[in-house]
2 protein chains.
Amino acid sequence: MSNQAAGGSHRAAPVHTDPEDVSVLTALSALADPVRIQLVRELAGSADWTRSCGSFDVPVGKAALSHHFSVLRGAGLVEQRDQGPKRVNRLRREEFEARFPGLLDLLLRGDGTD
Amino acid sequence: MSNQAAGGSHRAAPVHTDPEDVSVLTALSALADPVRIQLVRELAGSADWTRSCGSFDVPVGKAALSHHFSVLRGAGLVEQRDQGPKRVNRLRREEFEARFPGLLDLLLRGDGTD
DNA sequence: CCGAGTGTTCGATGCGTATCTTACAGTCCG
DNA sequence: CGGACTGTAAGATACGCATCGAACACTCGG
């Protein structure tokens with residue numbers, strides 16, 4: 001069972017989806033939700049691997065939060081890594097941009113119009 | 001009752017929303033639906049004002065179809081005009097592109113990946 | 001080894017919405 | 001006028017999904 005080398009965890013690694021394998025419908029569905037939009041925006045304003053799941057200021061419980069991150073992973077928007085007891089996140093900017101050019105920019109440049 | 005000059009109708013004119021007044025969330029929600037994606041794509045492949053609502057090859061009844069067009073109007077994606085007994089459509093490409101740059105292209109250039 | 005902290009999973013619930021059927025309102029043509 | 005055609009409106013239904021509470025799994029520090 002040689003798995004992690006440095007700072008690894010013995011937990012089930014999060015399942016990631018390559019943005020290249022994501023359909024337009026899946027991408028749009030993932031982003032068509034107020035909570036997930038907020039997550040992506042907040043994540044975009046932070047450095048990679050600096051935000052744990054619980055560190056986001058969203059008005060939902062942790063169960064729903066976990067679900068939202070699962071959806072974001074499935075859409076190739078977020079990458080997660082276990083760091084001690086926490087699960088830290090990274091927005092897959094370049095990869096997602098390569099698959100859906102301009103889409104992320106739309107969200108991030110998005111006015112408050114919500 | 002002098003109302004319309006050329007080819008007018010006495011029906012309640014469809015309510016349109018200016019793309020400028022559409023939120024990102026509304027736009028994404030409108031496009032996060034298989035039927036509406038197909039409508040937009042088919043509409044994009046046709047000349048303006050040449051397609052009546054019933055001329056689309058979608059697997060839903062006309063009631064649901066009417067609803068979908070209502071959503072597309074509300075997202076500033078489609079403009080409608082009454083032409084005789086039919087209601088003809090036009091994709092608001094430029095206006096929508098100005099509000100959400102690249103979003104329509106994403107859909108239209110979208111691979112079959114659905 | 002225990003306890004605090006973090007996140008996932010499961011079951012249940014509520015709400016939005018996509019859908020259909022039916023009925024209705026216009027428009028046009030004969 | 002009457003009938004065919006087109007689209008909307010209203011009511012009913014069903015399914016998806018966002019949410020929550022509770023239980024569980026894992027990590028780390030005393």
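Just so we're on the same page: letters track the sequence lines, and every chain starts at 1.
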### Query
In the hydrophobic clustering that connects Ile, Leu, Val, Met, Phe, Trp and Tyr at side-chain heavy-atom distances below 4.5 Å, which members other than B/V88 occupy its cluster, ordered by chain and number?
B/W49

### Message
Tell me every residue that passes salt bridge (Lys or Arg N to Asp or Glu O under 4.0 Å) with A/R87, counting only those two or more places apart in sequence or in another chain.
### Response
A/D82

### Query
Which residues within residues 48-55 of chain A lie with some heavy atom under 4.0 Å of an atom in DNA chain C?
A/S52, A/C53, A/G54

### Query
Under the ring pair (Phe, Tyr, Trp, His ring centres under 6.0 Å) rule, what pairs show up with a residue in residues 12-35 of chain B, not counting sequence neighbours?
none

### Side chain of B/P85 - closest among D/dC5, D/dT19, C/dG5
D/dC5

### Message
Among residues at least two apart in sequence or on other chains, which ones pass side chain to side chain contact (heavy atoms under 4.5 Å, CB included) with B/P101?
### Response
A/L106, B/E97

### Task
Could you tell me the separation between the CD atom of B/Q80 and the P atom of D/dT6, rounded to a whole number of Å?
16 Å

### Query
Rest of the hydrophobic cluster containing B/V71 (Ile/Leu/Val/Met/Phe/Trp/Tyr, side-chain heavy atoms under 4.5 Å)?
none

### Query
Can you list, by residue number, the residues of residues 62-74 of chain A that have a non-hydrogen atom closer than 4.0 angstrom to DNA chain D?
A/A63, A/A64, A/H67, A/H68

### Summary
Hits for salt bridge (Lys or Arg N to Asp or Glu O under 4.0 Å) against A/R90, two or more places apart or cross-chain, chain-then-number order -> A/D48, A/E79, A/E95

### N/O (side chain, B/R87) to phosphate O (OP1/OP2, D/dT8) under 4.0 Å
yes

### Task
Supply the atom-to-atom distance A/N89 CG to A/L77 CG, rounded to the nearest 0.5 angstrom.
11.5 Å

Can you give the donor-acceptor pairs under 3.5 Å from side chains of residues 61-70 of chain A to other protein atoms, not counting sequence neighbours?
{"unit_1": "A/H68", "atom_1": "ND1", "unit_2": "A/R36", "atom_2": "NH1", "d": "3.1"}

#### Entry: Listed partners of B/E42 passing side chain to side chain contact (heavy atoms under 4.5 Å, CB included), at least two apart
B/Q38, B/R51, B/F56, B/D57

Tabulated below should be each protein N or O lying under 3.5 Å from an N or O of nucleotides 2-4 of chain C; please produce it.
none

### Query
What pairs meet the ring pair (Phe, Tyr, Trp, His ring centres under 6.0 Å) rule with one or both residues in residues 83-110 of chain B, with sequence neighbours excluded?
B/F96-B/F100

